[in-house]
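A quick write-up on the structure given underneath.
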Number of protein chains: 2
Amino acid sequence: MEFNEAKAQFIQTWGKLGSEWGINRTMAQVHAILLISPKAMSAEEIMAELSISRGNANMNIRDLINWNLVHKELVPGDRKEYFTAEKDIWEVARRIIKERKKREMEPVLKVINQLKTIEGDQQSAEIKEFTSMINQLDSFVGKMDKSVNLLLNENENKLFSILFKLMS
Amino acid sequence: MEFNEAKAQFIQTWGKLGSEWGINRTMAQVHAILLISPKAMSAEEIMAELSISRGNANMNIRDLINWNLVHKELVPGDRKEYFTAEKDIWEVARRIIKERKKREMEPVLKVINQLKTIEGDQQSAEIKEFTSMINQLDSFVGKMDKSVNLLLNENENKLFSILFKLMS
DNA sequence: TTAAACTTTCAGTAATTATTGAAAGTTTAT
DNA sequence: ATAAACTTTCAATAATTACTGAAAGTTTAA
């Protein structure tokens, strides 16, 4: 396969995967471009590469920075801003997990905790079923939370070495 | 908190979480209703509970069945179809992971494999960076794939007992 | 200061995704 | 066979989400 074709396919695949996981397709595509770029890129270059507007490029780059996946790079003697992506894929995964945990898991944990005690006839089938499900979820999400913390605190090799041991 | 308020909040939270993860909000809400229902529900009851149309209910219930999270239940002497959700939350998680792996991880693995060999000057900075990223991804996704298989094949206690050991 | 070089914002618009509801399809009982 | 009771489909429409581009804002250099 020719390089340009491979590059286009990579950008498209990364974008599709992102959109399947609730991440703006363009944001994922900008990320893909930066992941495979050997040098920091300007907003102009990103706009040209994806044929998107300045506003769109700006907002998606900013989002990537908020996700801690991309950062600005200053070139001395140049007023333009350049952008680079974190290239260590394990670190990329950690940062995505960290961010989604903060944005999505923590609010859910909070709601579940509120729903653990409800008023009314505790013997009614509806309330019994509801309470049982909330308790299951509370336990499950709590375990997940701990596992994710582990994942975030350990390094790649430590975690995988244990998983591999499990597998054998 | 009163039961009906708690129920409404649970349905809404589940729906929001779903939409953040690329799953149709209504599908997630139908799932939420069934998760906390002590009995199998008909399409009519689900339509009424969420104020949605027959077509919408039908399609989302079908999707949930395709995800293997909900199944039909036949009541002797009744022509209506009734639906129930898998209630074991660990099993729910396993089925979601299994389905997403099949739908999303496997196609990505396939593309990555195709992109591992590309034509052109292997010394160029662009190709070197591209190849390096593809190789990292190949290794990472391969490990993830194995870990997910493990997760799917072991039971909850086995896996978590090892994670807990890790954490201590 | 001034103005050039750049970045950010956001109202309007476009693209995508989800929903409705009525018609078509299917199953069951008689 | 017929019709009642139910489910499924899908074209039209609505709702949501993303994008554009020009104007406003900011920074830097002289």
Side-chain angles (χ1 to χ4, degrees), chain A residues 11-34 40-67 70-84 100 103-104, chain B residues 11-34 40-67 70-84 100 103-104:
Chain A
I11 292 169
Q12 148 155 358
T13 302
W14 207 244
K16 180 156 165 277
L17 190 62
S19 72
E20 285 167 343
W21 286 77
I23 284 160
N24 179 312
R25 175 197 262 72
T26 302
M27 172 171 152
Q29 288 178 331
V30 171
H31 189 214
I33 282 185
L34 289 173
M41 292 176 77
S42 68
E44 256 80 13
E45 291 171 307
I46 292 168
M47 287 160 61
E49 189 84 38
L50 292 176
S51 309
I52 59 173
S53 71
R54 181 172 300 284
N56 196 8
N58 181 273
M59 294 178 97
N60 283 117
I61 291 167
R62 174 155 25 104
D63 281 350
L64 284 164
I65 291 172
N66 289 338
W67 277 73
V70 163
H71 60 274
K72 286 186 189 177
E73 198 153 287
L74 299 176
V75 172
D78 191 339
R79 284 181 56 184
K80 269 209 195 74
E81 295 178 335
Y82 291 84
F83 305 95
T84 48
R100 294 203 83 142
R103 294 178 190 208
E104 293 148 16
Chain B
I11 292 169
Q12 147 156 356
T13 301
W14 207 244
K16 179 156 166 277
L17 190 63
S19 72
E20 285 167 342
W21 286 77
I23 283 159
N24 178 313
R25 174 198 262 71
T26 302
M27 172 170 152
Q29 288 178 330
V30 171
H31 190 214
I33 282 185
L34 290 173
M41 290 176 79
S42 67
E44 256 81 14
E45 291 170 306
I46 292 168
M47 289 161 60
E49 189 84 38
L50 292 176
S51 308
I52 59 174
S53 71
R54 181 172 299 285
N56 195 9
N58 182 272
M59 293 177 98
N60 284 115
I61 291 168
R62 173 152 29 100
D63 281 351
L64 283 165
I65 291 172
N66 289 339
W67 277 74
V70 163
H71 60 273
K72 287 186 188 176
E73 199 152 286
L74 299 176
V75 173
D78 191 340
R79 281 179 59 181
K80 269 208 196 74
E81 294 178 335
Y82 291 84
F83 304 96
T84 47
R100 295 202 84 140
R103 294 178 189 207
E104 293 148 16

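A note on names: the letters A, B, ... follow the listed sequences, proteins ahead of strands, and every chain is numbered from 1. The figures here come from the full heavy-atom set of this structure, side chains too, leaving out hydrogens, waters and symmetry mates.
Put simply, A/R62 has no side-chain N or O that comes within less than 4.0 Å of OP1 or OP2 on C/dT7.
Residues of residues 15-24 of chain B having a heavy atom closer than 4.0 Å to DNA chain D: none are found.
Distance CE (A/M47) to C1' (D/dA18): 16 Å, rounded to an integer number of Å. Between the CG atom of B/N66 and the C1' atom of D/dT8 there is a distance of 14 Å, rounded to whole Å. B/N56 has its CG atom 14 Å from the P atom of D/dT9, to the nearest Å. Atom CG of A/D78 is separated from atom C1' of C/dT7 by 14 Å (rounded to the nearest Å). With rounding to whole Å, B/L64 atom CG is found 17 Å from D/dT7 atom C1'. Regarding A/I52, its CD1 atom lies at a distance of 13 Å from the P atom of D/dA18, rounded to whole Å. In this structure, A/I46 atom CD1 and C/dT8 atom P are separated by 12 Å, rounded to whole Å. Taking atom CE on A/M27 and atom C1' on D/dT17, their separation rounds to 15 Å, with Å as the unit.
Residues satisfying the side-chain hydrogen bond (donor to acceptor under 3.5 Å, both in side chains) criterion with B/R62, sequence neighbours excluded, are absent altogether. Remark: A/K80 engages no residue in a salt bridge (charged side-chain N to carboxylate O under 4.0 Å, His left out) (not counting sequence neighbours). Here B/S42 pairs with B/E45 under the side-chain hydrogen bond (donor to acceptor under 3.5 Å, both in side chains) rule; sequence neighbours left out. By the side chain to side chain contact (heavy atoms under 4.5 Å, CB included) test, A/R100 is found to be paired with A/W21, A/I23, A/W67, A/I96, A/E104, B/W21, residues two or more places apart in sequence or in another chain being considered. Not counting sequence neighbours, B/R79 has no partner by the side-chain hydrogen bond (donor to acceptor under 3.5 Å, both in side chains) test. For B/D78, the side-chain hydrogen bond (donor to acceptor under 3.5 Å, both in side chains) partners two or more places apart in sequence, or in a different chain, are B/Y82. Remark: B/E73 pairs with no residue by the salt bridge (charged side-chain N to carboxylate O under 4.0 Å, His left out) rule, at least two apart or across chains.
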Are any protein N/O atoms closer than 3.5 Å to N/O atoms in nucleotides 23-29 of chain C? If there are, list each pair with its distance.
| unit_1 | atom_1 | unit_2 | atom_2 | d |
| --- | --- | --- | --- | --- |
| C/dT27 | O2 | B/R79 | NH2 | 2.7 |

Tabulate protein N/O versus nucleotide N/O from nucleotides 13-15 of chain C, keeping only pairs under 3.5 Å, one per line.
none

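Between A/I33 atom CD1 and A/L50 atom CG the span is 3.5 Å, to the nearest 0.5 Å. Taking CG of A/N58 as the start and CD of A/E81 as the end, the distance is 8.5 Å to the nearest 0.5 Å.
In the set D/dG21, C/dT19, D/dT8, D/dT8 carries the atom at the smallest distance from any side-chain atom of B/E81. When distances are taken from the side chain of A/N60 to each of D/dC19, C/dT8, C/dT19, the shortest belongs to D/dC19. Listed nucleotides D/dT20, C/dT19, D/dT7 differ in distance to B/E44; the shortest reach to its side chain belongs to D/dT7. Picking from C/dT20, D/dC6, D/dC19 the nucleotide with the shortest atom distance to the side chain of B/K80 gives D/dC6.
Taking both residues in full, the closest heavy atoms of A/I11 and A/A32 are given as CA-CB, 4.0 Å, listed atom of the first, atom of the second, then distance. Contact detail for B/I46 and B/F83: the closest heavy-atom pair is CD1-CD1, 4.5 Å. Closest non-hydrogen pair, A/A28 versus A/G15, comes out as CB-CA, 3.8 Å.
For the pair B/M59 and A/M59, both in contact range of DNA chain C, the more 5′-proximal nearest nucleotide belongs to A/M59. Across the interface with DNA chain C, nearest-nucleotide mapping of B/G55 and A/N58 shows A/N58 to be the residue nearer the 5′ end.
At the heavy-atom level, B/S42 lies nowhere under 4.0 Å from the strands shown.
Between the two ends of the helix from C/dT1-D/dA30 to C/dT30-D/dA1, each summarised by a five-pair axis, the helix axis turns through 20° (rounded to 10 degrees).
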**Request:** Would you please test B/I65 and B/I61 for side-chain contact (heavy atoms from CB on, under 4.5 Å) and show each step?
**Result:** CA-CA 6 Å; B/I65 291 172; B/I61 291 168; 4.0 Å; yes
**Prompt:** Does the side-chain contact (heavy atoms from CB on, under 4.5 Å) test come out yes or no for B/N24 and B/D63, once each step is laid out?
**Reply:** CA-CA 10 Å; B/N24 178 313; B/D63 281 351; over 6 Å; no
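Legend: side chain to side chain donor-acceptor pair (under 3.5 Å) pairs involving residues 46-56 of chain B, not counting sequence neighbours, sorted by first then second residue: B/K7-B/E49, B/E44-B/R54.
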